[in-house]
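Predicted, not measured: the structure shown is a model, and the values here were computed from it. Below, chain A is the first sequence line, B the second, and so on; all start at residue 1.
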Protein chains: 2
Amino acid sequence: MECPTSAIPFRIGDKWTAMVVLCLEDGPRRFTELRAALPRVTAKVLTETLRAMERDGFARRTDHGGNPPHVEYALTPLGRSLLALVDAVREWTARHLDEVLAHRAADSAVPRRDTAL
Amino acid sequence: MECPTSAIPFRIGDKWTAMVVLCLEDGPRRFTELRAALPRVTAKVLTETLRAMERDGFARRTDHGGNPPHVEYALTPLGRSLLALVDAVREWTARHLDEVLAHRAADSAVPRRDTAL
DNA sequence: CAGGATCCCCACAGATACTG
DNA sequence: CAGTATCTGTGGGGATCCTG
């Protein structure tokens with residue numbers, strides 16, 4: 001249970017999409033800002049996540065050009081529509097996660113399988 | 001887009017957990033009933049999914065013994081609490097999926113990557 | 001009927017190194 | 001700064017066959 005995402009029984013799109021959505025909730029962010037906010041995500045994976053989000057219309061990439069480069073990512077309205085879902089998931093997790101964990105611990109006869117949850 | 005689940009940008013627990021939750025919504029079901037309802041899931045995977053759901057306290061397995069065997073699976077209250085979430089996801093999908101697909105099609109410059117969504 | 005046992009594959013993700 | 005390129009592995013999920 002080292003990785004916090006492994007304790008969340010839900011996934012939206014790619015593994016990190018939900019986290020990125022949350023990071024963009026309060027407005028546009030630069031690539032490096034996202035990296036800092038998500039230290040567990042490598043640049044490659046973050047890039048892939050953002051590309052997928054772009055492709056699906058969840059996020060918009062804006063290249064402000066110049067040197068050094070300046071790129072910003074922002075949620076589209078469609079991306080914002082995910083926030084409600086993410087919040088519902090968070091609320092569920094806050095409310096029931098310990099119940100799940102307790103049940104797992106009790107049920108330790110079952111050999112570990114470490115699912116996404 | 002052959003597999004319907006590949007069009008759903010959300011996952012709960014294992015890949016098929018959400019579907020199983022829905023199949024159990026209206027009451028207990030036998031293993032074979034679940035198999036029939038979920039033709040795309042192999043027995044092995046369904047078993048794994050159900051074991052994980054048991055382990056997490058989402059479902060309860062009841063062996064009525066006898067021969068031929070008779071086993072039933074039912075949602076626990078915790079498992080039922082997932083229904084609201086699953087419904088929220090379904091509603092989101094019903095409302096926005098075509099938007100996502102349209103955006104993808106438009107954006108066909110981006111090479112396919114076939115994410116979970 | 002309700003599965004267990006095996007074998008296999010590849011998509012996801014991580015590490016590391018390099019660049020306009 | 002904002003990525004790309006490359007290599008690698010791992011485990012979730014599928015196919016197939018077998019059994020109490």
Side-chain angles (χ1 to χ4, degrees), chain A residues 2-6 9 11-20 23 28-55 59-74 110-117, chain B residues 2-6 8-9 11-20 23 28-56 59-74 110-117:
Chain A
E2 37 173 53
C3 174
T5 63
S6 70
R11 271 187 53 187
I12 300 189
D14 287 322
K15 187 172 184 183
W16 299 104
T17 303
M19 296 294 182
V20 173
C23 287
R29 292 278 179 268
R30 302 183 60 168
F31 187 81
T32 306
E33 292 180 291
L34 291 173
R35 287 213 65 187
L38 302 166
R40 316 191 62 117
V41 190
T42 63
K44 177 200 146 202
V45 172
L46 181 56
T47 302
E48 287 170 352
T49 303
L50 289 166
R51 293 282 177 277
M53 291 177 66
E54 258 189 286
R55 191 196 69 179
R60 195 180 43 247
R61 194 187 103 112
T62 310
D63 187 342
H64 296 222
N67 201 318
H70 182 115
V71 175
E72 273 188 346
Y73 293 91
V110 182
R112 288 293 105 200
R113 228 197 102 214
D114 239 28
T115 61
L117 159 54
Chain B
E2 38 176 48
C3 175
T5 63
S6 69
I8 303 177
R11 272 188 52 188
I12 298 189
D14 288 322
K15 184 173 184 182
W16 299 103
T17 303
M19 296 294 182
V20 173
C23 287
R29 293 277 179 269
R30 301 181 59 168
F31 188 80
T32 306
E33 293 180 292
L34 291 174
R35 286 214 65 187
L38 302 165
R40 317 192 61 116
V41 189
T42 64
K44 177 202 148 201
V45 171
L46 180 56
T47 302
E48 288 170 352
T49 303
L50 289 166
R51 294 282 176 276
M53 289 176 68
E54 258 190 286
R55 191 196 70 179
D56 293 341
R60 194 179 46 246
R61 195 187 102 113
T62 310
D63 188 341
H64 297 217
N67 200 318
H70 183 113
V71 176
E72 273 187 347
Y73 293 90
V110 181
R112 287 294 104 200
R113 226 196 105 213
D114 240 26
T115 60
L117 157 55

Under 4.0 Å: is that the gap between some side-chain N or O of [X] and OP1 or OP2 of [N]?
{"X": "B:Y73", "N": "C:dG3", "answer": "yes"}
{"X": "A:R40", "N": "C:dA15", "answer": "no"}
{"X": "B:R29", "N": "C:dC1", "answer": "no"}
{"X": "B:R51", "N": "C:dG4", "answer": "yes"}

Grab the [atom1]-[atom2] distance between [X] and [N] for me, whole Å please.
{"X": "A:K44", "N": "D:dT4", "atom1": "NZ", "atom2": "P", "value": "12 Å"}
{"X": "A:F31", "N": "D:dT4", "atom1": "CZ", "atom2": "C1'", "value": "10 Å"}
{"X": "B:E48", "N": "C:dA2", "atom1": "CD", "atom2": "P", "value": "18 Å"}
{"X": "A:L46", "N": "D:dC1", "atom1": "CG", "atom2": "P", "value": "14 Å"}
{"X": "A:H64", "N": "D:dA2", "atom1": "NE2", "atom2": "C1'", "value": "13 Å"}
{"X": "A:N67", "N": "D:dG3", "atom1": "CG", "atom2": "C1'", "value": "13 Å"}
{"X": "A:R61", "N": "D:dT4", "atom1": "CZ", "atom2": "C1'", "value": "12 Å"}
{"X": "B:D14", "N": "D:dG11", "atom1": "CG", "atom2": "C1'", "value": "11 Å"}

Test item: B:E54 and B:R51 side chains (from C-beta on) under 4.5 Å apart, heavy atoms:
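A side-chain contact exists here, since the closest heavy-atom pair is under 4.5 Å.
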Answer yes or no: is there a side-chain heavy-atom contact under 4.5 Å between A:L38 and A:C23?
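Heavy-atom side-chain distance check passes, below 4.5 Å.
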I'd like to know if the side chain of B:D14 reaches the main chain of B:W16, judged simply by a donor and an acceptor atom lying under 3.5 Å from each other, with no hydrogens or angles considered.
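Such a contact is absent between B:D14 side chain and B:W16 backbone.
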Between B:R29 and B:F31, is there a donor-acceptor pair closer than 3.5 Å when you use the side chain of the first and the backbone of the second?
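Not at all, since once roles are kept as given, no pair shorter than 3.5 Å links the two residues.
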Take B:L50 and B:R61 through the side chain to side chain contact (heavy atoms under 4.5 Å, CB included) test and state the conclusion after the steps.
CA-CA 8 Å; B:L50 289 166; B:R61 195 187 102 113; over 6 Å; no
From the list [options], which nucleotide is the closest neighbour of the side chain of [X]?
{"X": "A:K15", "options": "C:dA13, D:dT4, C:dC7", "value": "C:dA13"}
{"X": "B:R30", "options": "D:dG13, D:dC1, C:dC1", "value": "C:dC1"}
{"X": "B:P69", "options": "D:dG3, D:dG20, D:dG13", "value": "D:dG20"}
{"X": "A:V45", "options": "C:dA13, C:dC1, C:dG3", "value": "C:dA13"}

B:T42 or A:E72, whichever maps to the more 5' nucleotide of DNA chain D:
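The residue whose closest nucleotide sits nearer the 5' end is A:E72.
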When rounded to the nearest 0.5 angstrom, what is the spacing between OH in B:Y73 and OG1 in B:T49?
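Separation between the atoms: 10.5 Å.
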Just how large is the angle between the end axes of the helix from C:dC1-D:dG20 to C:dG20-D:dC1, five pairs per end, to 10 degrees?
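One end's axis against the other's: 50°.
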What contact category does A:R35 fall into here, base, sugar-phosphate, or nothing, at under 4.0 angstrom with non-hydrogen atoms?
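Counting heavy atoms under 4.0 Å across all strands, no contact is made by A:R35.
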Do you know which two heavy atoms are closest between B:P39 and B:A36, and how far apart they sit?
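Minimum heavy-atom separation between B:P39 and B:A36: CD-O, 3.7 Å.
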Grab the two heavy atoms, one from B:E72 and one from B:P28, that are nearest each other, plus how far apart they are.
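For B:E72 and B:P28, the tightest heavy-atom pair comes out as OE1-CB, 3.8 Å.
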